[in-house]
Amino acid sequence: MTTNEYYLNDVWKKTLTKLKETHEINDNVFNLYFSVAKLRSLEDGIALVIVPHLIHLSILKDKTKLIEDCLHETVGQKTILCLRVEEEKEELQNYSNSLWDELAISRKIDPSYNFGNFVIGRSNAQAQVAASTVAENLGLIYNPLFIYGNSGLGKTHLLNAIGNRVRQLFPNKRIGFVSGLDFVEGVCKATTTKKLDDFKKSFHDLDLLLVDDIQFIAGKEKTHEVFFSVFNDLVNNYKQVCLTADRVPSDIHGLEDRIISRFNQGLNVNIEAPEYETSINILKMKISNNIETNMVDDEVLNYIATNFSTDVRSLEGAVNRLLFYSINFSDEDRITLKTAMEAFKGQVKETKNELTINVIRKCVCDYYGLTKQQIISATRTKNIATARHIAMYLCRKLIDAPYKDIGNEFGKRDHSTVISACDRVEKLLKSDSLYVKVINEIEGRIK
Ligand code: ADP
Ligand code: MG
């Protein structure tokens, strides 16, 4: 039994005990209908309970409010009950057909990637909200949904989370999950075996198509043609398409304009590298899957977040390394900064203390709660402009970066703009003590 199954069993057992203690259900009814139900998942306040037959479903449904109250008491959080009949389990399988099997293009939706274990922060909130909205309003809103960002930031996780949420909410919907690379190979094999028309048609019945890493179809003319037709067929019929890529559609070289324009018709959302607070929350969650988080000193979290937050995969790798080292090679009861520094000896050298314009810009963004897009934009909103000026000034002060380079990294601004931003900050530093305090604080964080 996995930890999750164990947890669900435990929650359900406690809930049943509470239900019984209410004395609102006759003992016979309880034994016959309630005790055979099972809690299949508990995610984002939605409890999916599976029962053997329709009769069970109607009896439990009558007591929805009572069950929800008992679940609420058990887990300490308001919970919505979702009931399903066991037979429908078969239909929860991924969509597949003999042709897809033959071409080996179908990917399995990974149940361990869901919204419940996706940590939300400024860097990924837009993508998370868009993904869950799409899952709950399939085909009706943001179609296609296009999630883009660098590697290791959670795109595949969110795609799976959409699939899992749809399975949970609409078990009869047909979900296809493929990768861009598999699609290319599928087209190639189907062409060779003269089954291209069947291949195109095989997507027709889907309610949701998830395509991971669509950038791999770039430069493949034949694949473009097939994909364009599959895509239009689905979207024009209000069937949902969700895609991920490592960059925004217009930056994918070799992707036909007509496809780029179709992608831009829905909603494009970006995932950025996790900011400091999100990195800390991700670390806490990943650590809590293995040991009690209070076994790890805050300085350790700070150390890892500062050195490994280029992407979430690196944070995960760092947690693994930390736990591996502390379990096998450390005599201390707790995980201290000393243990962490030993664990990462030789690994953080390259990034540590290496200040760049990007690092400074990111620290200032974190301080003001802004995204990279906002700070480099043309916006002159006071808060954003102040952050931009301070970041430019600190790039001069701390690393003596050339004005031209700073301008380039801040939305391709002219070097004279950077000079006047720095002058402005210097003037304010002489007259405004609050300003001095803010800049000292940001500098402290950067260092
Ligand atoms: P991508 O597809 O963008 O390269 P993945 O979705 O494969 O990245 O994510 C890499 C790893 O990081 C996965 O194990 C994923 O679960 C984890 N991850 C990414 N973002 C988050 C997040 N916000 N919360 C929790 N785990 C995350
Ligand atoms: Mg991926």
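Values below: all heavy atoms of this structure, side chains included; hydrogens, waters and symmetry mates excluded. Counting starts at 1 for both ligands and their atoms, in listed order.
- In summary, the aromatic rings of Phe329 and Phe324 are positioned with their centroids under 6.0 Å apart.
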Working note: Leu243 + Phe263, criterion side chain to side chain contact (heavy atoms under 4.5 Å, CB included); need CA distance, chi angles, decisive distance, verdict.
CA-CA 9 Å; Leu243 312 125; Phe263 287 171; 3.8 Å; yes
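- Nearest residue to atom 4 (O) of ligand 1 from Pro274, Ala245, Gly152 is Gly152 (criterion: closest heavy atom).
- At the shortest separation from atom 26 (N) of ligand 1 among protein heavy atoms lies Lys286 NZ, 3.0 Å.
- Less than 4.0 angstrom separates some heavy atom of Phe118 from each of these atoms of ligand 1: 20 (N), 21 (C), 22 (C), 23 (N), 24 (N).
- Less than 4.0 angstrom separates some heavy atom of Asn124 from each of these atoms of ligand 1: 23 (N).
- For Phe183 and Phe203, the distance between ring centers is under 6.0 angstrom.
- Protein heavy atom nearest atom 2 (O) of ligand 1, with residue, atom name and distance: Thr156 OG1, 2.7 Å.
- Salt-bridge annotation for Lys437 and Glu441: absent, with no side-chain N of the basic residue lying under 4.0 Å from a carboxylate O of the acidic one.
- Nearest to atom 15 (C) of ligand 1 among the protein's heavy atoms is His157 ND1, 3.4 Å.
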Intermediate values then yes/no, side chain to side chain donor-acceptor pair (under 3.5 Å), Asn164 and Asn160:
CA-CA 6 Å; Asn164 282 310; Asn160 278 283; 5.2 Å; no
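- Taking only non-hydrogen atoms, the option from Arg313, Glu316, Met285, Gln128 nearest to atom 13 (C) of ligand 1 is Glu316.
- Of all protein heavy atoms, the one closest to atom 27 (C) of ligand 1 is Val312 CG1, 3.4 Å.
- For atom 8 (O) of ligand 1, the closest heavy atom belonging to the protein is Gly154 N, 3.1 Å.
- Of the protein's non-hydrogen atoms, Asn117 O, 3.3 Å is the one closest to atom 25 (C) of ligand 1.
- Side-chain atoms of Thr244 and Asp212 form a donor-acceptor pair, as typed in the model, at a separation below 3.5 Å.
- The cationic atom of Arg258 (NZ for Lys, CZ for Arg) lies less than 6.0 Å from the six-membered ring centre of Phe228 and within 45° of the ring axis.
- Ion pair Asp366/Arg445 not flagged as a salt bridge, since none of the NZ, NE, NH1 or NH2 atoms sits closer than 4.0 Å to an Asp/Glu carboxylate oxygen.
- Residue side and main chain included, Thr244 places no N/O/S atom under 2.8 Å of the Mg ion (ligand 2).
- The nearest heavy-atom contact from the protein to atom 23 (N) of ligand 1 is Val119 O, 2.8 Å.
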